[in-house]
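Input: a single structure, listed below in structure tokens.
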2 protein chains.
Amino acid sequence: MALRRGAGVGRPPDVAIKRLPVYLRVLAELEAAGSDVVSSADLARRTGFSSEQIRKDLAYFGSFGTRGVGYSTAGLASGIRRVLGLDREVAAVLVGAGHLGTALARYNVGREQHVNLVAIFDIDPAKLGQELGGTRVRSVTELPAVVRRLGVRLGVIAVPAAAAQTVAEDLVGAGVVALLNFAPVKLSLPAHVQVQNIDLSLELQALAYYLAGEAEAAREG
Amino acid sequence: MALRRGAGVGRPPDVAIKRLPVYLRVLAELEAAGSDVVSSADLARRTGFSSEQIRKDLAYFGSFGTRGVGYSTAGLASGIRRVLGLDREVAAVLVGAGHLGTALARYNVGREQHVNLVAIFDIDPAKLGQELGGTRVRSVTELPAVVRRLGVRLGVIAVPAAAAQTVAEDLVGAGVVALLNFAPVKLSLPAHVQVQNIDLSLELQALAYYLAGEAEAAREG
DNA sequence: TCCTGTGAATGTGTTCACAGCA
DNA sequence: TGCTGTGAACACATTCACAGGA
């Protein structure tokens, strides 16, 4: 049976969705190395997740493996791509061409297939017309028209905190429904918009807790 | 009673630790705005978490509020800082001075107190001696000695995937126990090392799922 | 036989509902 | 009275244990 959305039992938890791209990356490595079959135990070794969890994650989308054998490497990869909607090209736009935006644009190119940066916007006139990873930087004033014309539904925000809410509203107004937000602010947006925040200083501050724990454990013996 | 590590009931879940810096940011805004008391309902409104969850998170570390009143804004902030170990300066090092590393270095400066970038390393001779956010870029060959001498225990990895494992091992060998890793690889490190991975393409791919869901929902009516 | 797929058991985290105290 | 602090109920996620089919 093919691996597809909703074919399995129960609803897939969000945490399972976030593990699928990890499997995809490992499968790409295995395909490149010439393995054409992979077991959940192999995937467990390479991802750090338990084999039961991996089997359960995959089973949310249907039966895909062969009992006694394992999963077809290529078949599982294309199945996961289909589940994630990565079996066709996904267009994304980036707002903010500072250092972070530049890193994202460069990184994206050719790095992972099927998510394509189709436009980059910035407010700084000095940056307009520059190419980042093969995509020209446009004025943010063009954002609504371009996003709407290209039908883009995925956006990445890499602008200063003060500008983020406005940019987010413009994106959503133009049809974007999923956002990756690097600005250190909580965005207020309609509930149907899926937002993933990545906040560098919050992560660092949370990590500090574990340092403190170490120090305390050492003090206490 | 003062808010401190382990003063409350049960062990704080990791997800609660990750929420503490969010509270800290909101509290800083409230302090700047002159509020000297804040209720869990206020924090809920500004963070998007439920008020019960906020009270529970704080209670893991002891009783801190005043019944019928709320929490002292300044007192709660300093209590959370103490829990996270941010009541004293925390030193961190950054490895990789590319666009991402530059963004991180610039962002860090003055942005959030108490986590200080004390050294930046890169392998590219052209970058050595440059200043990023007030810190000089050194050769990665100096990494072990500098990290050990300064007693740094927090590291940020912003190097290409191929270099990340080696860099991570060097950092851990020199005494680092907590890592923020931006390289798209699973690091194999001793269990006592706390690793937080931030992987841009995995996040984008996971978001694509929600686009696909939208498309499918539309197709199905 | 071997490894997948899955109900049942367990564990973890969140929400509810209210007791407790300024 | 009002808001914190917390046991109890609930929801969610992971692990266990094994049935099922190549």
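Reckoned from all heavy atoms, side chains included, excluding hydrogens, waters and symmetry mates. Note on naming: letters A, B, ... go to the chains in the order of the sequence lines (proteins, then strands), and numbering restarts at 1 for each one.
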**Prompt:** With a 4.0 Å cut-off on heavy atoms, is B:S40 in touch with a base, just the backbone sugar-phosphate, or nothing at all?
**Reply:** sugar-phosphate

**Spacing between B:D14 atom CG and C:dG11 atom P, to the nearest angstrom** = 18 Å

**B:I54 CD1 to D:dT6 C1', straight-line distance once rounded to whole Å** = 16 Å

**Asked** Is there a side-chain polar atom (N or O) of B:Y71 under 4.0 Å from OP1 or OP2 of C:dA22?
**Response** no

**Prompt:** So what does B:S50 touch, heavy atoms closer than 4.0 Å: a base, only the sugar-phosphate, or nothing?
**Reply:** sugar-phosphate

**Prompt:** How long is the line joining CZ of B:R45 and C1' of D:dC3, in whole Å?
**Reply:** 13 Å

**Request:** Spell out, as yes or no, whether a donor-acceptor pair under 3.5 Å connects the side chain of B:T135 to the backbone of B:I120.
**Result:** no

**Request:** Round to the nearest Å and state the distance from A:D57 atom CG to C:dG5 atom C1'.
**Result:** 13 Å

**Asked** Are any non-hydrogen side-chain atoms of A:L204 and B:L180 less than 4.5 angstrom apart?
**Response** yes

**Item:** B:L43 CG - D:dC3 P separation (whole Å)
**Value:** 13 Å

**Message:** Tell me if a side-chain donor or acceptor on A:N181 pairs with a main-chain N or O of A:A183 at a distance below 3.5 Å.
**Reply:** yes

**Whole-Å distance separating the NZ atom of B:K18 from the P atom of C:dG13** = 13 Å

**Prompt:** Does B:R19 have a side-chain nitrogen or oxygen under 4.0 Å from the phosphate oxygens OP1 or OP2 of C:dT14?
**Reply:** yes

**Asked** Is any N or O donor-acceptor pair between the side chain of A:K56 and the base of D:dT14 shorter than 3.5 Å?
**Response** no

**Fill in**
Of the candidates D:dT14, C:dT4, D:dA22, the side chain of A:S39 sits closest to C:dT4

**Request:** With the side chain of A:E52 defined as its heavy atoms from C-beta on, choose the nearest nucleotide among D:dA13, C:dC16, D:dA17.
**Result:** D:dA17

**Among D:dG5, C:dT4, D:dT14, the nucleotide that comes nearest once only the side chain of A:R55 is considered** = C:dT4

**Complete:** Among the nucleotides D:dG21, C:dA22, D:dG5, whichever has the atom closest to the side chain of A:R67 is D:dG21

**Request:** Could you tell me the separation between the OH atom of B:Y60 and the C1' atom of D:dT4, rounded to a whole number of Å?
**Result:** 16 Å

**Prompt:** When you measure from the centre of the six-membered ring of A:F49, is the NZ or CZ of A:R19 under 6.0 Å away and within 45° of the axis?
**Reply:** yes

**Nearest-Å distance for atom pair CD/P, residues A:Q53 and C:dA9** = 20 Å

**Prompt:** Does any donor atom in the side chain of B:D14 or A:Y210 lie under 3.5 Å from an acceptor atom in the other side chain?
**Reply:** yes

**Item:** Contact nearer the 5' end of DNA chain D, comparing A:T66 with B:G70
**Value:** B:G70

